[in-house]
2 protein chains.
Amino acid sequence: MAATLGAVAKQAGVSVSTASRAFNEPGRLSPSTVERVVAAARELGYQPNHAARALATGRRGSIALVVPDVANPVFASFVKAAQAQGWQQRQAVLLADTDESPELERRLIARLLPQVDGIVLCSSRLELEELVSLDARIVLVNREVPQLPSVLVDASTGMRQAVEHLHALGHRSLAYVQGSALSWSNSERLRLITENAERLGVALEILHPQAPTYDGGIAAAANIRACGATAVVTYNDLVALGAVAQLTAMGIAVPGDVSVIGVDDIAMASMSVPPITTIAVPMDRAGRVSIEVMQRLLGGHEGEPALVRLETQLKVRGSTAEPVRKGTPA
Amino acid sequence: MAATLGAVAKQAGVSVSTASRAFNEPGRLSPSTVERVVAAARELGYQPNHAARALATGRRGSIALVVPDVANPVFASFVKAAQAQGWQQRQAVLLADTDESPELERRLIARLLPQVDGIVLCSSRLELEELVSLDARIVLVNREVPQLPSVLVDASTGMRQAVEHLHALGHRSLAYVQGSALSWSNSERLRLITENAERLGVALEILHPQAPTYDGGIAAAANIRACGATAVVTYNDLVALGAVAQLTAMGIAVPGDVSVIGVDDIAMASMSVPPITTIAVPMDRAGRVSIEVMQRLLGGHEGEPALVRLETQLKVRGSTAEPVRKGTPA
DNA sequence: CTGAAAGCGCTAACAG
DNA sequence: CTGTTAGCGCTTTCAG
C-alpha cells in the first residue's frame with residue numbers, strides 16, 4: 001500500500017541507499033539529487049516505515065512516560081509538556097499509568113523497556129535497588145538516585161518563602177500535614193519546612209501522613225485544630241483544599257483563624273473560596289526538561305548522569321491573606 | 001544484548017519457526033515442544049522485538065490517542081482509561097495532544113497514522129470531509145460521522161433529568177450557557193435542552209458561547225443575571241464553577257437565587273462550595289470502549305462501522321438544593 | 001508436528 | 001557523490 005523507499009528511489013532514478021541518504025544525510029549528496037528524491041517522495045506520498053528503521057538502526061524513535069496517575073492534574077500537566085517536547089524532537093511518546101501500584105509499575109517498565117529508546121519515570125514508587133538494577137536508559141523525575149539522571153523539583157525556595165510569609169504575618173506556630181510517607185517529595189518538603197521553622201524560631205507540629213487527596217485534607221482538619229497551630233502547610237493543594245473546606249465547616253475561618261498553604265498550584269487552587277496560597281511546582285517544565293535530558297542521554301553523552309533542579313515559587317492568595325489574630329484558634 | 005528468537009530456538013533445540021510458533025500458535029505444536037521453548041525463553045530473559053514483528057506482520061501493536069488537551073480533567077480520565085485498556089490488550093498507547101489546534105491535529109494524525117495500527121480521535125476539531133478522507137483505521141470519540149466508527153456520549157438521559165429536576169424545583173425560566181459553538185458536544189446539549197424545555201413548558205434562553213473554562217463561566221455570570229432566568233445549565237462544570245463564583249460575588253445566592261447545573265462531573269465539581277449539580281459523563285468508559293472498538297475494527301470485522309452510545313446521569317448536589325423562590329433574582 | 005527459506009523496509013559499511 | 005550488498009529479528013508460506 002504505502003510507498004516504500006524503493007519505490008521512491010526508482011521514481012527518482014537512484015538507488016535505495018541514495019534515497020535513504022537524501023533524508024538522513026542530505027549533506028553527502030548533490031543538491032540536485034536530494035531535490036529529485038524529495039520530489040519523488042512527495043509525489044508518491046512516501047512515509048518512512050518506523051518499524052523497519054527501528055529494526056535496522058536499533059533506535060525506536062519513541063520514549064515511554066510512566067506516571068502514577070494521569071488523572072492527577074499534576075501529572076497531567078507533566079505529561080502534556082513532555083508529549084509536546086517529544087513530538088518536537090520527533091519522538092513518539094508512549095504513555096503508561098501505574099495507577100500508583102509498584103507492581104504494575106514494575107511490569108510496565110519490563111514490557112516497555114525493550115520497545116522504546118528510553119523511559120521517563122515520574123515519581124517512581126519502586127525501591128532504590130530496583131531502580132538502579134534497571135541499568136537502562138531511564139530518566140527519573142521527582143526521585144533522587146545518584147546513579148541515575150534525574151530532574152527534581154527543588155522546593156527550597158518556595159518553602160522558604162512560605163514559612164517567611166507566614167512568619168511575617170505573625171504566625172509562630174505551624175503545622176505540616178504530610179503526604180505519603182514513602183514519597184521523595186514528601187520527605188523533601190518535610191525536611192525543608194523543618195529547617196525553615198527552626199531558623200525563624202517558629203514552632204512546628206508534624207501531622208500524620210494523609211492520603212494526598214481532598215479527603216485526606218478533610219481528615220486532617222481535626223488534627224490541625226487539635227494541635228493548635230495558627231498556620232498550616234499541606235503536602236499538596238488537594239489536601240489544602242480539603243482541609244480548608246472542613247476547617248470552614250467546623251467553624252474555623254480561613255484565613256481568619258488559621259492560614260493554609262498548599263503545594264503544586266493546580267488550577268483548582270485558584271478557583272476555590274478562598275483561593276489557596278501555594279508553592280507553585282513547574283511540572284510542565286519538568287516534563288519538557290525530562291525529555292531533553294533523555295535526548296541527551298540517548299545521544300550518548302557519557303559523563304555524570306544529568307541532574308536538573310527546578311525552582312519553586314510561592315504564590316500568595318486568599319488563604320493566607322490576613323495577619324494572625326491575637327487569640328489562638330478554637 | 002537482548003536475547004533473540006534464534007537464541008531461544010537454539011537453546012531449546014528447535015528451529016526459529018518452531019520457536020515463533022510456540023508463542024503465536026502453540027496449538028499447532030506438541031505440548032512438550034512448547035514447554036521447552038517457553039522454558040528456554042524464560043531462561044534467557046527473552047523479550048520479543050516489536051519492531052521486527054511489526055516489520056514482518058504489518059501490525060504495529062500500538063494505537064495512538066489524539067486528544068485536544070490532556071491537562072483537561074475530562075480528557076485526562078479518558079486517556080487514563082484508554083491506556084489501561086490498551087495495556088490489557090497488549091497494545092502500546094501513543095499519546096498526542098493537539099492543544100486544541102486543528103492544524104496541529106492534522107499534522108499529528110498524518111505523522112502518527114503510518115506508525116500505529118489505528119488512531120482514537122477524541123473530540124476532533126477537524127472538518128467532516130477531512131475526517132472521512134482519512135479513510136483509515138480511526139475511531140471517533142465525541143464526534144458523530146456516519147462513515148466512521150464512533151463512541152458517543154449520549155447526554156439525553158442526563159439532560160432530561162436535569163430539566164425535570166429543575167422543573168420539579170419550581171423553575172420555569174432556564175438559561176443554557178454554550179461552550180464552543182463548533183463542538184459536537186455543545187450542539188447536542190443545546191438540542192437536548194431545547195427539546196426538554198419545550199416539552200415541560202419551561203422558558204429557555206440561549207446564552208452566547210463561552211470558552212469552556214472557569215473564566216468563561218465568570219464572563220457568563222452577567223448575562224445570566226441579565227436574562228433573568230432562575231436556573232442555568234452550563235456547557236460544562238468548569239463554566240458552572242466560574243459562574244457560581246461570579247454570581248456569588250455579585251450577591252446572587254446559589255442555589256438560593258439561581259440554581260446551576262454543569263456537565264462532566266469533574267472532581268472539582270464536588271469540592272466547591274456549594275458543590276455543583278452535574279450531568280456525569282463517563283469519559284473513563286469512553287476511553288475503555290473506544291479501545292475495544294478499535295480492536296474490533298483492526299480485527300477486520302467488516303460490516304457497519306460500530307456506533308456506541310454512552311449514557312449520562314444527573315448527580316444532584318448543593319448548587320440546586322433549594323426550591324425556587326417566589327420572587328425573581330436580582 | 002516441525003524445518004528451510006524468503007522476505008518485511010530500511011540502514012550502513014564497503015566499494016567504487 | 002552514488003551504488004551494492006548484507007543484514008536487523010521475526011513471521012510465514014511451502015515442504016516435508
Side-chain angles (χ1 to χ4, degrees), chain A residues 1-41 44-62 90 92 111 113-117 298 300, chain B residues 1-41 44-62 90 92 111 113-117 298 300:
Chain A
M1 267 299 34
T4 71
L5 233 207
V8 173
K10 176 141 56 149
Q11 168 93 357
V14 298
S15 70
V16 254
S17 41
T18 299
S20 171
R21 287 194 272 259
F23 297 111
N24 300 312
E25 14 184 21
R28 283 181 47 185
L29 258 43
S30 84
S32 72
T33 310
V34 173
E35 205 173 328
R36 214 145 22 95
V37 174
V38 170
L44 300 179
Y46 169 70
Q47 291 284 121
N49 180 321
H50 286 234
R53 187 209 298 277
L55 188 53
T57 61
R59 264 172 264 118
R60 265 97 188 116
S62 64
R90 329 216 89 205
R111 266 253 314 264
L113 219 29
Q115 74 180 289
V116 298
D117 290 329
L298 298 179
Chain B
M1 267 300 36
T4 72
L5 233 207
V8 173
K10 176 142 57 146
Q11 168 94 358
V14 298
S15 69
V16 252
S17 37
T18 299
S20 172
R21 286 193 273 260
F23 296 112
N24 301 311
E25 15 185 22
R28 282 181 48 186
L29 257 44
S30 83
S32 72
T33 310
V34 174
E35 204 172 329
R36 214 144 22 95
V37 175
V38 171
L44 300 179
Y46 169 70
Q47 292 284 120
N49 180 320
H50 286 235
R53 187 209 298 276
L55 187 53
T57 62
R59 264 172 264 117
R60 267 98 188 107
S62 64
R90 328 217 89 203
R111 265 254 315 263
L113 220 29
Q115 75 179 288
V116 299
D117 290 328
L298 298 179

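Here is the naming used below: chain letters follow the sequence lines, and residue numbers restart at 1 for every chain. Just so you know, these numbers use all the heavy atoms, side chains as well, and skip hydrogens, waters and symmetry mates.
Nucleic acid contact class of A:Y46 (heavy atoms, under 4.0 Å, all strands): sugar-phosphate only.
Contact between A:Y46 and A:T4 at its shortest, heavy atoms only, is CE1-C, 3.7 Å. When all heavy atoms are compared, the tightest approach of A:A40 to A:Q11 is CB-CG, 3.4 Å.
Within residues 48-58 of chain A, the residues having any heavy atom closer than 4.0 Å to DNA chain C are, in order of number, A:P48, A:N49, A:A52, A:R53, A:A56, A:T57.
Taking atom CG of B:L5 as the reference point, atom P of D:dC8 lies 14 Å away to the nearest angstrom. Rounded to an integer number of Å, the gap from B:E35 CD to C:dT2 C1' is 18 Å. When rounded to the nearest whole Å, the span between CD of A:E25 and P of D:dC1 equals 12 Å. Per the geometry, CZ belonging to B:R60 stands 10 Å off C1' belonging to C:dC8, to the nearest Å. Atom CZ of B:F23 is separated from atom C1' of D:dG9 by 13 Å (rounded to the nearest Å).
Set against C:dA12, C:dC10, C:dT2, the side chain of A:R59 has C:dA12 as its closest nucleotide. Of the candidates D:dT12, C:dT11, D:dT2, the closest approach to any side-chain atom of A:N24 belongs to C:dT11.
Put simply, A:S30 has a side-chain N or O that comes within less than 4.0 Å of OP1 or OP2 on D:dT2. Taking 4.0 angstrom as the limit, A:T33 places a side-chain polar atom (N or O) nearer than this to OP1 or OP2 of D:dT2.
Remark on the helix from C:dC1-D:dG16 to C:dG16-D:dC1: inter-end axis angle 30°, axes from five-pair C1' superpositions, rounded to 10°.
In this structure a side-chain-to-backbone donor-acceptor pair under 3.5 Å is missing from B:T18 to B:V14. With hydrogens and angles disregarded, no donor-acceptor distance shorter than 3.5 Å links the side chain of A:R60 to the backbone of A:D117.
Nearer to the 5' terminus of DNA chain C, by closest-nucleotide assignment, is the contact made by B:V34 (compared with the other of B:V34 and A:R21).
Neither side chain, B:S17 nor B:S20, offers a donor N or O lying under 3.5 Å from an acceptor on the other.
Side-chain atoms of B:S17 come within donor-acceptor range of the base of C:dA4, with a qualifying N/O pair under 3.5 Å. Judged by atom type and distance alone, A:S15 does not reach the base of D:dT4 through any side-chain donor-acceptor pair under 3.5 Å.
With contacts defined as side-chain heavy-atom distances shorter than 4.5 Å, the pair A:P114/B:N49 does not qualify. Side chains of A:N24 and A:R53 form a contact here, defined as non-hydrogen atoms less than 4.5 Å apart. Looking only at side-chain heavy atoms (C-beta outward), B:F23 and B:V34 stay at 4.5 Å or farther from each other.
Residue pairs that meet the salt bridge (charged side-chain N to carboxylate O under 4.0 Å, His left out) test with at least one member in residues 7-26 of chain A, sequence neighbours left out, are A:E25-A:R28.
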